[in-house]
Amino acid sequence: MSPLTALHNPLDAILVPQGAEYQAVRRALPLEAPELIPLAIGPQHAAQRVASLRLRRWRRVLVTGVCGSLEPGYGVGTVAVCNRLVDTTGAELNCDPLLTSELLTAIPMAVSVKGLTSHRGLWLGRDKQVAWQRYGAQVVDLESYPLLAALSKAGMAVSVLRVVSDDCTHDLPNLDGAIASDGRLRPWPLAASLLSQPLAGYRLVRGSWQALRVLRQTLSGLMRC
């Protein structure tokens, strides 16, 4: 990885999906770190959680975690900083330009992208290609748009940093049944989904591991004093 530069101005909070993504970010942060907030998986849970988050007195907020690639050329391990987001209705919002510019300057290997927040997982390569053509986005996640919409409306500077964990060409196991109604991953259905398609499951696990390693290294560099 290219050398990273710490942010000139501190973040007040980092929002990241619970589980492995949260643990990776937590391990990257120093003792004197921004407030770290775990999120349940999915846009509906992000929208519910944000009602309480809007009351916080934060100025600068980073939404982070892993994502999927929608466009060829954005492979596993790509650090994507979103300059704007779109949801599945076609509504678009810009991320905070100053914080986004600062992130891109601090992370030389990062790319500036348009991100899509989907209401469901995109497990098939053809579904990702359709989403790329329809929305013109390069990456996809399940939480960022409602967080950006609500927190920026509350006067906070919000930017989104995601690391690609799966490319746009290969199919992945369908994990919809492994996500509980409260947005948590269910271990046994998750294992069953991975084992039902061993090659795709291996690809998903390997890509996730690589992305989490890059995410941890990237956040560690950003938080250096």
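Predicted, not measured: the structure shown is a model, and the values here were computed from it. Just the heavy atoms: all of them, side chains too, but no hydrogens, waters or symmetry mates, feed the values below.
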#### Entry: Neighbour count above 12 (heavy atom, 6.0 Å) for R27 CZ
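Yes - once you tally the heavy atoms of other residues, nucleotides and ligands closer than 6.0 Å, there are more than 12.
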#### Entry: Single-linkage hydrophobic cluster, 4.5 Å side-chain cutoff, L62 and V163 together
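Yes: a chain of side-chain contacts under 4.5 Å links L62 to V163.
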### Query
Which is it for D141 and V63 under the side chain to side chain contact (heavy atoms under 4.5 Å, CB included) test, yes or no, and what are the steps along the way?
CA-CA 11 Å; D141 68 59; V63 179; over 6 Å; no
### Task
Please tell me if the side chains of T78 and V139 come closer than 4.5 Å, counting only heavy atoms from C-beta onward.
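They are not in contact (no side-chain heavy atoms under 4.5 Å apart), so the answer is no.
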### Task
Kindly indicate whether the side chain of S208, heavy atoms from C-beta on, has any atom under 4.5 Å from the side chain of V66.
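S208 does not reach V66 side chain to side chain.
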With sequence neighbours excluded, what pairs up with [X] under the side-chain contact (heavy atoms from CB on, under 4.5 Å) test?
X    : answer
Q129 : none
W132 : L70, E71, P72
R56  : E35, I37, L53, W58
A20  : L212

Acceptor/donor pairs from residues 90-99 side chains to any protein atom, 3.5 angstrom cut, sequence neighbours excluded:
{"residue": "E92", "atom": "OE1", "partner": "R84", "partner atom": "NH1", "Å": "2.8"}
{"residue": "E92", "atom": "OE2", "partner": "K114", "partner atom": "NZ", "Å": "2.7"}
{"residue": "D96", "atom": "OD2", "partner": "L98", "partner atom": "N", "Å": "3.3"}
{"residue": "D96", "atom": "OD2", "partner": "L99", "partner atom": "N", "Å": "2.9"}

### Query
What are the two closest non-hydrogen atoms of Q18 and A40, and how far apart are they?
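Here Q18 and A40 meet closest at NE2-CA, 3.7 Å.
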### Task
Kindly determine whether L199 and R203 satisfy side chain to side chain contact (heavy atoms under 4.5 Å, CB included), including the steps that lead there.
CA-CA 6 Å; L199 181 58; R203 188 179 294 116; 3.7 Å; yes
### Query
Considering residues at least two apart in sequence or located in another chain, which fulfil the salt bridge (charged side-chain N to carboxylate O under 4.0 Å, His left out) criterion with R59?
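Partners of R59 by the salt bridge (charged side-chain N to carboxylate O under 4.0 Å, His left out) criterion, ordered by chain and then number, come out as D12.
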### Task
Take Q23 and R26, measure what side chain to side chain donor-acceptor pair (under 3.5 Å) needs, and give me the verdict at the end.
CA-CA 5 Å; Q23 294 301 326; R26 186 179 64 82; 2.8 Å; yes
### Query
Between T100 and N83, is any side-chain donor less than 3.5 angstrom from a side-chain acceptor?
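No.
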